[in-house]
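Written out below as structure tokens is the structure these notes cover.
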There are 2 protein chains.
Amino acid sequence: MRLSTTSHAILGMLAFRPATAYELAKGMGTNFSYFWPRARSHVLAEVKRLSELGLAAAQSEPLGRRARTVYSLTPAGRLALEAWMATPPTAFGLEIEGLVRVFLAPFGQIDDLTASLEATRAEAATMLGLAGTIVERYMDGTAPAQEHIHVRALLIDFLTHFAQLTEAWATRSLQTVATWDDLSPNGKQEVARETLAAAPRSPAAGAPVETWGATAHT
Amino acid sequence: MRLSTTSHAILGMLAFRPATAYELAKGMGTNFSYFWPRARSHVLAEVKRLSELGLAAAQSEPLGRRARTVYSLTPAGRLALEAWMATPPTAFGLEIEGLVRVFLAPFGQIDDLTASLEATRAEAATMLGLAGTIVERYMDGTAPAQEHIHVRALLIDFLTHFAQLTEAWATRSLQTVATWDDLSPNGKQEVARETLAAAPRSPAAGAPVETWGATAHT
DNA sequence: ACGCACATGTAAGCAGTTACATGATTTG
DNA sequence: CAAATCATGTAACTGCTTACATGTGCGT
């Protein structure tokens, strides 16, 4: 009986209130999509498994000629959730294909690079726009989870700053690339050094030096 | 013959220079771990598949009583890589369990929340420290990929800012939580509103309003 | 000569995705 | 009342991870 983070996210939604499988799947999207995205079908399969394990109770309700299942959290489920909350979180992970494309830029065309950066910028801008709406809802008191504002504010704080950071980065990278004629290193060292000089960094605690962001298999 | 982003990352490393399977796996870690992390064994399996597809050439070299395989990029492989570079990138994805724990904080103890935030803070701090070392290497000209500095600077720009953002967010969240006696909403609205007011946002382009960062299955 | 870190590989299993299929509800 | 959208579910497949196993060379 191994439970994943996704399992606990589902148990957590059930801890707020009982829900149908479909509502859970939808909730996974609206609640977690930006920091724990999962496919709808996977949520359906997982909640079924949770009910088999006795962590969620499934109740079938008829709905026209079709049946729908309402799930709720069992005491065992609540215990599992609370126990998990006390464990340390796993390390965060980013999957940003746009950065892979930057890394491999020398093997493509310069237009490929700008297109990729532009796509990333647009995505971040969309995220920021969404955030604006959400924030308004909370501020005027009409958000659906208004009573959890103190906790949700922390989340929104992170996500909005992330979106802003990403958009700003893509924008200034596009500006830099716009000054290039090709992807060769010629004459581009100067600006690169300035970028690096402006990068935030902590005193480098003499830690084990892994070569990172650099082709190391030399 | 479906190729994943991981496949192309491997083709890309081979485009820099031929390498053994082990070097590729290691390079996956040092080069991509922060924005495209993959297990070592998966890289080994994938490069084998690439050679079966004719995109990489495998050459067996004896090494003591053991054989090791050196891979290099074939012309077909280079074509595949270049073609991929011209396609649009998939959307970025974050997996941040620490944020899931913030979302579900009401079902745990307050100490669970601080522990989780502290773990996230520490992780980001480590990342920043590493970055400091890398930046120094590039600045004094001793980085292994010195000739690619113009492109790598863009990556480092993003990653250092991300680490800084994460550390700063965790720190200020810890400060906020330190003022709480419990996880109930009582008396915490005020500060939450200030946090939200300070969150960056764009004019909310009248976009389709999805409830995000909020329990929506109401 | 021994122990430890580096190098190399395989196998089993699961978490997660894409695609398909169809019933219910709303809306113009 | 037709068309679109919402709600609900299953099946096939695969990318990826964890765990295991063993060879090679270096330092002491």
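So that the names make sense, note that chain A is the first sequence line, chain B the second, and so on, each numbered from 1. Both backbone and side-chain heavy atoms feed into the values below; hydrogens, waters and symmetry mates do not.
- In this structure, the CD1 atom of A/Ile10 is 12 Å from the C1' atom of C/dA15, given to the nearest Å.
- Looking at heavy-atom distances under 4.0 Å, A/Ala21 makes contact with sugar-phosphate atoms alone, never a base.
- Taking atom NE2 of B/His42 as the reference point, atom P of C/dG16 lies 15 Å away to the nearest angstrom.
- Paired runs in DNA chain C that reach 3 or more consecutive Watson-Crick or G-U pairs, where each pair keeps both distances under 3.5 Å, cover C:1-28 with D:1-28.
- Under the ring-ring contact (aromatic ring centres under 6.0 Å, His included) criterion, B/Phe158 pairs with A/Trp169, sequence neighbours left out.
- Taking the side chain of B/Ala39 as heavy atoms from C-beta on, and the options D/dA7, D/dT18, C/dG16, the nearest nucleotide is D/dT18.
- Nearest-nucleotide mapping onto DNA chain D: of B/Thr6 and A/Arg68, the residue sitting toward the 5' end is A/Arg68.
- Under 3.5 Å, the side chains of A/Thr6 and A/Trp36 contain a donor-acceptor pair of N or O atoms.
- Side-chain contact of B/Thr87 with A/Arg101: a donor-acceptor pair under 3.5 Å is present, judged by distance alone.
- A/Tyr22 has its OH atom 12 Å from the C1' atom of D/dG9, to the nearest Å.
- Among C/dG16, D/dT10, C/dT8, the nucleotide with an atom closest to any side-chain atom of A/Lys48 is D/dT10.
- Electrostatic pairing of A/Glu118 and A/Arg121 counts as a salt bridge here, judged by a charged N lying under 4.0 Å from a carboxylate O.
- Residue whose closest nucleotide on DNA chain C sits further toward the 5' end, between B/Arg2 and A/Glu46: A/Glu46.
- Remark: P of D/dT8 and CZ of A/Arg40 are 10 Å apart, rounded to the nearest angstrom.
- Protein atom CD of B/Glu95 is 9 Å distant from nucleotide atom P of C/dT17, rounded to whole Å.
- Side-chain atoms of A/Thr90 and B/Glu97 include a donor-acceptor pair closer than 3.5 Å.
- Summarising the geometry, the separation between CZ on A/Arg38 and P on C/dT17 is reported as 6 Å, rounded to the nearest angstrom.
- No cation-pi contact links A/Arg38 to A/Phe32, judged by a cut-off of 6.0 Å to the six-membered ring centre and 45° from its axis.
- For the pair B/Asn31 (side chain) and B/Met28 (backbone), a donor-acceptor distance under 3.5 Å is absent.
- Between the C1' atom of C/dG23 and the CD atom of A/Glu61 lies a distance of 17 Å, rounded to the nearest Å.
- Rounded to whole angstrom, the span from the CG atom of A/Leu44 across to the C1' atom of C/dA19 amounts to 14 Å.
- Within the 4.0 angstrom heavy-atom criterion, base atoms lie near B/Ser41.
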